[in-house]
Amino acid sequence: MLSSLWRAESRGTWRTRLPTNRAIELHETVHPARWCITFADLKHFRSEVHRVLQEGKTFEENFEASYGPSIYAVNEHYIKPVTAAAGKMSWALMMNPEGLDCDLFITHAWQEDVFEFTEKVLASWPWRARHAWCCMLANPQNLDIAALLQSPSSSPFALALQSSKYMLVVPNRHKSVYTRLWCGYEAYLAFQSNKIIRTAAPPIWRRVCFSWLRMLPALLIGGIIGLFAKMDHFQSALQLILLMKMLALLASLVSQNCGQIRLCLIANHLGLASAIATVAITGFFGSTVAIEASHQKKIFVFESFMTSLMVLYFLLAEVDRVNWQIAKEEADQLQNQYQGSICQASCSEIQDEVNIRNEIGDQVEEVDKVVQVLLKAGMTSDALRHAYLQGIDLKHAGEVQLAIPVLVLGPLLLIACLHVGRYIFLRSEELVDADQQVPHMLWWICSLQGVSIFARLSFVTLFFRRYIDERCFMLNVMAKTVAPSFFCFVELGFLRDYTVFCLLHSLYHCTFLVVWLFAALGIRGTLKLPCGKLLANLFLRRVLGCSVCLASRGTTRHSWCEEEELEEDDSETMSESS
């Protein structure tokens, strides 16, 4: 193996150096699409830059320690010296001399800081992708790169992108990547080959953990209130706490679909406090209130369990809120200084700019549409572009709400399976009541539960067979469709009237048939329905508003000039305010 000839590494220093002609031959024999790195290679690259900084290496620029130096500086003061010492091949072929098949294509602007770049890529790396192509590590920085870029369509960029399965755009805090024409050309190539483009984002769990720590006071206050109310047998306090929990759940569900991040934060804190207080009063699986009727007792036990489950919901809702906030930040970074068209983008080399514009030709508008969908949705695909041309508002369509899907596909699905299994296989005498209506309604609920179990399992099967854009659509459909019935199921389904209890449960389980239907139709299938545009606006748009009604007007014409003017006005307003 070639790697045995020179790949002997000691703290980033290469002991054996290949002749330059061997490095040139290596890049000629290994296909450009195979100049790739692994996930572990990128982590190693990050750790090596950390090590060099700790050893006092200067990168001749001022930078924040948490972000690191820019990619330009890292290229000059780390990548070039290290690869020159190894024989002037690229960093990727230095690590993997035989090359690796390209799964992931990474597009970035070189203006970002190195730790900002590596953090976002590592956090957003698709779990099915094994190897990634990144220009700063794939191209031989010490050789004649200009010779590789004479024809953009046959450049390593184009060959790697055509071979890749995924494409990842890395925003930065300095300027939009689409102010660089090479990034616009890569969007053009992605459009030509119908690639799905995703926006990279930093890991959320650090901010989620911090947000959960901020919820500790609410948790402690709720527990204290619940314990005092339980000791004093203060039943009116329980009713007040249950009302607060109901209002908090309603506010949390509504605020996530109305763009009210602060309201969502308040609702999650109040909801967690009231849920903990309710658990402290009633216990996890029992009640301090004596209920004589057996089915009413079961209702109250189930109510106590659902109250405990609400603690998990508000914690997951906080994850959704943080994820949504990060998505907005990344969208703002992609929009920063972007003027609405790649016509205003530029290259560092004039000849590259001329060649790229000749290749794109009269398809500039198509490329601009790809970029606009990415800016709005955080993702772009053929299906999303089709929806955009139909007048669908895709604001944050690539972001999903996980709280409700996790609950209904996790604990609640398990409970439904246990309930149906108990009814079918046990058939114990306690299932039979003196009132003959109860067994009949119980049979009806178990039948609907069986149908909803089948629908949810089918949903999961479809989910793992679809592409990422359809997965986001499916989760958004579930979150928005199930939300009303979920609220009734949790807060209104525990009325002491057993008939109302059964009816509300029936409504909840029937909802999953609707979810499965839209999941099977997908984005394009939903658009073909009689009210498809209205429904697509409802499901695809993360933040609901008056624009949901745009599709009902039957307008399919889209004015790109007007939209660009509005975006320019927004950017000017932001710059003036700053």
Side-chain angles (χ1 to χ4, degrees), residues 242 245-254 256-257 271 275 278 285 295-296 298-314 316-317 320 401-424 431 437-460 462-463 474-520 535 538-539:
L242 289 175
K245 180 171 66 70
M246 181 180 69
L247 295 177
L249 176 60
L250 179 63
S252 178
L253 292 172
V254 172
Q256 291 194 50
N257 292 315
T278 307
F285 299 103
H295 59 270
Q296 289 184 349
K298 293 173 188 175
I299 292 175
F300 204 87
V301 170
F302 189 57
E303 177 183 358
S304 302
F305 173 76
M306 288 302 301
T307 301
S308 307
L309 203 61
M310 283 296 95
V311 176
L312 178 59
Y313 167 81
F314 289 112
L316 291 174
D320 285 341
Q401 303 175 45
L402 294 175
I404 290 181
V406 167
L407 291 181
V408 300
L409 296 177
L412 292 177
L413 178 59
L414 179 61
I415 292 299
C417 292
L418 292 176
H419 187 269
V420 172
R422 180 173 178 269
Y423 179 78
I424 294 176
L431 293 176
Q437 187 179 9
V438 173
H440 175 73
M441 299 187 69
L442 189 58
W443 176 87
W444 171 251
I445 287 182
C446 288
S447 301
L448 286 178
Q449 281 183 329
V451 173
S452 77
I453 290 170
F454 174 78
R456 279 181 271 186
L457 293 177
S458 301
F459 179 93
V460 174
L462 282 174
F463 181 83
M474 292 171 66
L475 290 176
N476 283 330
V477 168
M478 175 166 282
K480 294 178 179 179
T481 304
V482 177
S485 62
F486 177 82
F487 176 79
C488 296
F489 178 69
V490 173
E491 298 296 343
L492 305 179
F494 304 107
L495 303 176
R496 297 297 174 251
D497 189 331
Y498 194 66
T499 302
V500 176
F501 176 83
C502 294
L503 290 176
L504 291 175
H505 277 60
S506 301
L507 174 64
Y508 166 74
H509 292 297
C510 288
T511 307
F512 292 104
L513 289 175
V514 180
V515 172
W516 178 85
L517 174 63
F518 285 111
L535 292 171
L538 174 65
F539 295 140

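- Residues passing the side-chain contact (heavy atoms from CB on, under 4.5 Å) test with Leu513 are Val451, Ala455, sequence neighbours excluded.
- Looking only at side-chain heavy atoms (C-beta outward), Val254 and Phe487 stay at 4.5 Å or farther from each other.
- The two residues Arg456 and Ala416 have their closest heavy-atom pair at NH2-CB, 3.9 Å.
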Distance-only donor-acceptor pairs under 3.5 Å for side chains of residues 408-415, two or more places apart:
none

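- The two residues Ile404 and Ala479 have their closest heavy-atom pair at CD1-O, 3.8 Å.
- No side-chain heavy atom of Leu448 sits less than 4.5 Å from a side-chain heavy atom of Tyr508.
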Worksheet item: What's the verdict on side-chain contact (heavy atoms from CB on, under 4.5 Å) for Leu242 and Thr278, showing C-alpha distance, side-chain angles and the deciding distance?
Response: CA-CA 7 Å; Leu242 289 175; Thr278 307; 3.5 Å; yes

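- The aromatic rings of Phe512 and His509 lie tilted to each other, with the angle between the two planes from 30° to 60°.
- The minimum heavy-atom distance between Ser485 and Thr511, with the atom names listed, is OG-OG1, 3.1 Å.
- Between Ala275 and Met310, the shortest heavy-atom contact is CB-CB, 4.2 Å.
- With rounding to the nearest 0.5 Å, the separation of CE in Met474 from CG in Leu462 is 5.0 Å.
- Ser252 places no side-chain N or O within donor-acceptor distance of the main-chain N or O of Ala248, the cut-off being under 3.5 Å.
- For the pair Gln401 and Lys480, the minimum side-chain heavy-atom distance is below 4.5 Å.
- When side chains are defined from C-beta on, Leu475 counts as touching Phe463, because their heavy atoms get closer than 4.5 Å.
- Looking at heavy atoms from C-beta onward, Leu312 lies in side-chain contact with Leu309 at the 4.5 angstrom threshold.
- The side-chain contact (heavy atoms from CB on, under 4.5 Å) check on Leu247 picks up Leu243, with sequence neighbours excluded.
- Put simply, OH on Tyr313 and CG on Leu253 are 4.0 Å apart, with the number rounded to the nearest 0.5 Å.
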